[in-house]
Amino acid sequence: MVRLLGREMVRQGHSVYVIGLYLHGYGGADYEEDEGVRVWRLRYGTDIGLIRNNGSGYEKRLLQALKFSLVLQVDTLFSVRRLFRQIRKMVREENIDLIEIPDWNTFFQNSFLPIKLPPFGAPLLVKFNGSHSYFRQELGQKPRRHVFVSESGLMRRADALSAVSHYTAERTAALFSLTRPIEILYNSIKLPQLPDSVAVNPGKIVFTGSLIYKKGIYSLLKAWNSVSRKHPDATLELYGKGNVGSLQKMLDPGVAASVRFHGHVSREVLFGQLAAAAAAVFPSYSECFAFAPMEAMAVGCAVINTSRSSGPELVTDRINGLLVNPDDPEQIASAIDLLLEDRALRESIARAGKATVAARFDIQQSVPTHISFYKKVIGDFAGANG
């Protein structure tokens, strides 16, 4: 969303600067311009090439060793101070009107000591897209105290608050005991440009996203065992990274051949696959406001979305999609069966889904909404500090 919003804001005549303290091994240039958006990537002092950010067990163990040896603790505190100094410098030299920061920040997780943001000379807007503590609570886990303290301090330090969905706003407010207004600024997408006519494979079902528990992939594979028995010619196409070996073990004998793991593909390829599918399934346990179902709807693919968290803010059941409980593989299977068997319903909700995204979640239309709120925050800040 940062990339999409930044690019579109530049196209509409605004100046956008992105700066962050990036994960070990993130890669990319320390400075670049992306379609007019100026991007600075600051690095941890301990980021010396030993970690490639590939999620391997070795890297996880190395990061844990760094953290508990206090090396990463000290590095984080010094690196964060460097980040804050650079932000203050940019505010002065570039006449920055507003600073927006997400609620999820890895430097909070890397430091056992609370991290407080200083005054920057410009209003600070915190956007809720799922903090570390938020997602731990959503998955039934207890928030880590040191992270919670830093995240809570950030929200109370902010001059204004926004969230990507009503659900995220309400859950975050309850978790952190917030009573201030929270502006809802939904995630949006750039509408894909595809041929007017795409041949749809009536037996093709697609899942896109990380192949992890939170995304509901285990429930989907359990459901697919039932779907495949009823529709032996149907295929489940999975696009995303994960532990393929452990996932394949969940499939019944004779079903594995109908499930294909494609890994990561380009967005162009992904959009083409979604446009050619009978349906896409997203039985996630927790989403602040997910891009994957929006992208599927935008290309005219019928969507089965989660009934949890913000799912119903995007999909109205049986109108522009179907809603399912990620804890109910039988319900997921029934929804897939329905769309495989009922072409009229499938095409109806696909058309409605495409219209929903075009009308409500087009990034070109989202920018003026963001700018209007930004101007209010800037004005309120000036009035309070004038």
Next on the checklist: So for atom CZ, which belongs to R156, do other residues, nucleotides or ligands contribute more than 12 heavy atoms lying within a distance under 6.0 Å?
Outcome noted: yes
Checklist entry - Does the S165 side chain pair with the main chain of F289, one donor and one acceptor, at a distance under 3.5 Å? => result no
Checklist entry - Does one side chain, of K190 or Q364, offer a donor that lies under 3.5 Å from an acceptor on the other? => result no
Checklist entry - Hey, is D327 close enough to R308 for a salt bridge, meaning N to O under 4.0 Å? => result yes
Item to check | Donor-acceptor contact present, side-chain E138 to main-chain Y285, <3.5 Å | outcome: no
Next on the checklist: Students often mix this up, so state it plainly: with edges at 30° and 60°, are the rings of Y134 and Y167 parallel, tilted or perpendicular?
Outcome noted: perpendicular
Checklist entry - Does CZ in R157 sit with more than 12 non-hydrogen atoms of other residues, nucleotides or ligands closer than 6.0 Å? => result yes
Next on the checklist: Could you tell me if E8 and Q12 have a donor-acceptor pair between their side chains, going purely by distance under 3.5 Å?
Outcome noted: yes
Item to check | Row check, F135 ring normal vs K214 NZ/CZ: under 6.0 Å, within 45° | outcome: yes
Next on the checklist: With rounding to the nearest 0.5 angstrom, report the CG to CE distance, N305 to M294.
Outcome noted: 10.5 Å
Next on the checklist: Given 3.5 Å as the limit, does a donor-acceptor pair link the side chain of D337 with the main chain of S226, or not?
Outcome noted: no
Checklist entry - Given the rule in the ring-ring contact (aromatic ring centres under 6.0 Å, His included) test, do H24 and Y44 qualify, once you have shown the distances and angles that lead to the verdict? => result CA-CA 7 Å; H24 289 69; Y44 285 91; 4.8 Å; yes
Checklist entry - Will you find, in the side chains of Y26 and R43, an N or O donor that is under 3.5 Å from an N or O acceptor? => result no
Checklist entry - So F361 and Y186, would you call those rings parallel, tilted or perpendicular, with 30° and 60° as cut-offs? => result perpendicular
Next on the checklist: Whether R7 and D34 form a salt bridge (side-chain N of Lys/Arg under 4.0 Å from carboxylate O of Asp/Glu) is what I want to check.
Outcome noted: yes
Checklist entry - Minimum heavy-atom separation for A292 to F282, with atom names? => result CB-CE2, 3.5 Å
Checklist entry - CD of Q193: more than 12 outside heavy atoms within 6.0 angstrom? => result no
Checklist entry - Does F176 have any ring pair (Phe, Tyr, Trp, His ring centres under 6.0 Å) partners at least two apart in sequence or in another chain, and if so, which? => result F148
Checklist entry - Considering residues, nucleotides and ligands other than E330, do more than 12 of their heavy atoms fall under 6.0 Å from its CD? => result no
Checklist entry - Are D97 and K375 close enough for a salt bridge, meaning some N to O gap below 4.0 Å? => result no
Checklist entry - Considering only heavy atoms from C-beta outward, does the side chain of T106 approach that of Y22 to under 4.5 Å? => result no
Next on the checklist: Please determine whether residues V39 and I101 belong to a single hydrophobic cluster, defined as Ile, Leu, Val, Met, Phe, Trp and Tyr linked transitively by side-chain heavy-atom distances below 4.5 Å.
Outcome noted: no
Next on the checklist: Assess, by modelled atom type and distance only, whether the side chains of E287 and S309 contain a donor and an acceptor separated by less than 3.5 Å.
Outcome noted: no
Next on the checklist: Under a 3.5 Å distance rule, please check whether S307 uses its side chain to pair with a backbone N or O of V324 as donor and acceptor.
Outcome noted: yes
Checklist entry - Is R41 salt-bridged to E32, going by a charged N under 4.0 Å from an acidic O? => result yes
Item to check | H146 and S150: side chain donor to acceptor below 3.5 Å | outcome: no
Next on the checklist: Would you say L251 ends up clustered with V206 if hydrophobic residues are merged whenever their side chains have heavy atoms under 4.5 Å apart, either directly or through other cluster members?
Outcome noted: no
Next on the checklist: Between E341 and R346 (salt bridge meaning N to carboxylate O under 4.0 Å), is one present in this structure?
Outcome noted: no
Checklist entry - Are L117 and F128 grouped together when hydrophobic residues (ILVMFWY) are joined by side-chain heavy atoms under 4.5 angstrom apart? => result yes
Next on the checklist: Listing request: all ring pair (Phe, Tyr, Trp, His ring centres under 6.0 Å) pairs with a residue in residues 78-106, at least two apart in sequence or in separate chains.
Outcome noted: F84-F120, W104-H132
Checklist entry - Is R11 salt-bridged to E35, going by a charged N under 4.0 Å from an acidic O? => result yes
Item to check | Any pair counted as side-chain hydrogen bond (donor to acceptor under 3.5 Å, both in side chains), so long as it reaches residues 348-360, sequence neighbours left out | outcome: N320-T356
